[in-house]
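Can you keep this structure in mind? I'll have questions shortly.
Only a predicted model underlies this, so the values are computations on that prediction, with no experimental measurement involved.
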Amino acid sequence: MAFSSDSDILLTACTLGNVRLYAVENDFAGDLSSADCSIDAAHDMGVLSADFCKIVHTDPTDKCSLIYTVATCGTDHYIKIWRIFFMPNNIDRSRRSRLIPTSPQEHFAGQSTIYSTEVMNASCVQTISAHGSSVTCVRFNPTGTLLFSCSLDKTIKIWNQQGTCLKTLSEHLRYVNCLAINSDSTVIASGSNDRTIVVWDLTGRLSVGSHITGIRSLLFSLAVKTSEIPLEFICPITHELMKDPVYAEDGFTYERSAIREWFSREKAVSPMTNLELSTDELVENGKLKQQIEDYMRSLDVESGAGMNNS
């Protein structure tokens, strides 16, 4: 089970491999009477864990449909990344959305069957062959830049948002069943059937090689500060601060290198909506780039002022 970061969606899953999603904005008793979106056979032979990414996007075409990112894993050795499309109840749900149907519909994602309503829809955007055995737990880090998984194969893996494995951690002698990540993504804890809990220091001072520090993004260091990065400055793919933002045909702005890598792996499909695009051409978002540069300069000024005061 998992709640979205705003607590508006509850996800449940089972050993049959099915996922159910409920909009629980106001009345829990009423809202849980039936699922607002169902995914049958999300994982072959059972779903073992699920987690919502903290970052929630709004569809730029209608400016009201919300887009959540969910990771699930199961006994099929896979991690799947889903986009959940949701129309909140404070919005006129009769408004048309390219992501949410106006009446209940059935569609497919590989072997999975998705049953959507006028409130919620889902789409699978990535399937990752993650481990050599059942994947027992998936967890996003608090900034949404990394995904952690563990498995019956005794390993823990760290993934970026493009599905690339950045690091494999091997310390446990038996199945790894659970994970927890601290608030600034520098420490994780893992629990195993070998009756141990291992605390991993991602800065390199304890169990993990120090070279992982080079993978840590600028967003990690910024997250430690009290400043909250504006959502529009964050790439929807990497969830990191953009340096070279570009428009794609789907209306979203991405980091140029991230969307180029996405298009190199997939045909021209939107990473946010999973809808086909007629072109993979990109247009520089110069206005946003200037805003990001101004924002970074303001942080430098604040940092310098703080040092002078100390």
Side-chain angles (χ1 to χ4, degrees), residues 1-5 7 9-22 24 35 37-56 68-84 109-112 114 122-161 163-172 174-183 185 187-194 196-200 202 239:
M1 300 178 70
F3 274 107
S4 60
S5 59
S7 299
I9 299 176
L10 172 65
L11 179 152
T12 65
C14 68
T15 54
L16 296 177
N18 302 328
V19 171
R20 300 291 181 261
L21 294 142
Y22 303 85
V24 288
C37 184
S38 300
I39 308 171
D40 283 357
H43 287 270
D44 188 25
M45 299 182 292
V47 181
L48 298 181
S49 181
D51 196 31
F52 278 87
C53 179
K54 178 182 177 181
I55 297 175
V56 181
Y68 298 78
T69 299
V70 171
T72 61
C73 65
T75 53
D76 54 8
H77 307 186
Y78 290 117
I79 294 171
K80 293 188 178 183
I81 306 298
W82 307 82
R83 304 285 189 231
I84 309 301
Q111 300 298 315
S112 306
I114 299 171
S123 186
C124 182
V125 295
Q126 280 192 79
T127 299
I128 304 168
S129 183
H131 286 268
S133 188
S134 299
V135 187
T136 53
C137 185
V138 284
R139 291 289 181 267
F140 285 102
N141 69 332
T143 56
T145 55
L146 296 175
L147 180 67
F148 296 78
S149 64
C150 62
S151 169
L152 300 187
D153 67 6
K154 309 175 189 176
T155 67
I156 299 156
K157 293 189 177 183
I158 305 173
W159 310 84
N160 67 14
Q161 290 293 340
T164 300
C165 182
L166 305 177
K167 185 76 174 178
T168 299
L169 308 178
S170 302
E171 183 79 17
H172 287 288
R174 297 194 66 189
Y175 306 153
V176 187
N177 299 312
C178 55
L179 294 170
I181 301 102
N182 76 335
S183 61
S185 309
V187 176
I188 63 173
S190 56
S192 166
N193 280 18
D194 63 11
T196 66
I197 294 173
V198 176
V199 177
W200 308 83
L202 300 190
H239 293 165

Would you mind reporting whether Tyr78 and Asp44 have side-chain heavy atoms less than 4.5 Å apart? no
For Thr75, all residues meeting side-chain hydrogen bond (donor to acceptor under 3.5 Å, both in side chains), sequence neighbours excluded: none
Residues which pass side chain to side chain contact (heavy atoms under 4.5 Å, CB included) with Val56, listed by chain and number, not counting sequence neighbours: Ser5, Leu66, Tyr68
Do the non-hydrogen side-chain atoms of Thr12 and Val19 ever get within less than 4.5 Å of each other? no
Any sub-3.5 Å donor-acceptor pair from His239's side-chain atoms to Thr145's backbone N or O? no
Between Ser123 and Arg83, is there a donor-acceptor pair closer than 3.5 Å when you use the side chain of the first and the backbone of the second? no
I'd like a table of donor-acceptor pairs (distance under 3.5 Å, sequence neighbours excluded) in which one partner is a side-chain atom from residues 150-158, with atom names and distances.
from, atom 1, to, atom 2, distance (Å)
Ser151, OG, Ser133, O, 3.4
Ser151, OG, Ser134, O, 2.8
Ser151, OG, Asp153, N, 3.0
Ser151, OG, Asp153, OD1, 3.2
Asp153, OD1, His131, ND1, 3.4
Asp153, OD1, Thr155, N, 3.0
Asp153, OD1, Thr155, OG1, 2.7
Asp153, OD2, His131, ND1, 3.1
Asp153, OD2, Gly132, N, 3.0
Asp153, OD2, Thr155, OG1, 3.4
Thr155, OG1, His131, ND1, 3.2
Lys157, NZ, Ala130, O, 2.8

Does a side chain donor of either Trp159 or Thr164 reach within less than 3.5 Å of an acceptor in the other side chain? no
Do Cys37 and Ile114 have side chains that approach each other closer than 4.5 Å (heavy atoms only, starting at C-beta)? yes
With sequence neighbours excluded, what pairs up with His172 under the side-chain hydrogen bond (donor to acceptor under 3.5 Å, both in side chains) test? Ser190, Asp194, Thr196
Using modelled atom types and a 3.5 Å cut-off, is there a donor and acceptor pairing between side-chain atoms of Lys80 and backbone atoms of Ala42? yes
My understanding is that only residues two or more places apart in sequence, or in another chain, count here; which of them pass side-chain hydrogen bond (donor to acceptor under 3.5 Å, both in side chains) with Asn177? Asn193
Looking at residues at least two apart in the chain, or sitting in another chain, which of them share a side-chain hydrogen bond (donor to acceptor under 3.5 Å, both in side chains) with Ser129? none
In the structure I gave you, are the side-chain heavy atoms of Phe140 and Ile181 within less than 4.5 Å of one another anywhere? no
Answer yes or no: is there a side-chain heavy-atom contact under 4.5 Å between Trp82 and Ser112? yes
Among all residues two or more places apart in sequence or in another chain, which pass the side chain to side chain contact (heavy atoms under 4.5 Å, CB included) test with Ile197? Ala189
If the condition is side chain to side chain contact (heavy atoms under 4.5 Å, CB included), which residues does Cys14 pass it with, not counting sequence neighbours? Leu16, Asn18
Run the salt bridge (charged side-chain N to carboxylate O under 4.0 Å, His left out) test against Arg20 and tell me which residues pass, sequence neighbours left out. Asp40
Main-chain N/O of Leu146 paired with Asn160 side-chain donor or acceptor, under 3.5 Å: no
Polar contact flag, side-chain donor to acceptor under 3.5 angstrom, Ser49-Arg139: yes
Results of side chain to side chain contact (heavy atoms under 4.5 Å, CB included) for Ala50 - residues two or more places apart only: Leu11, Thr72
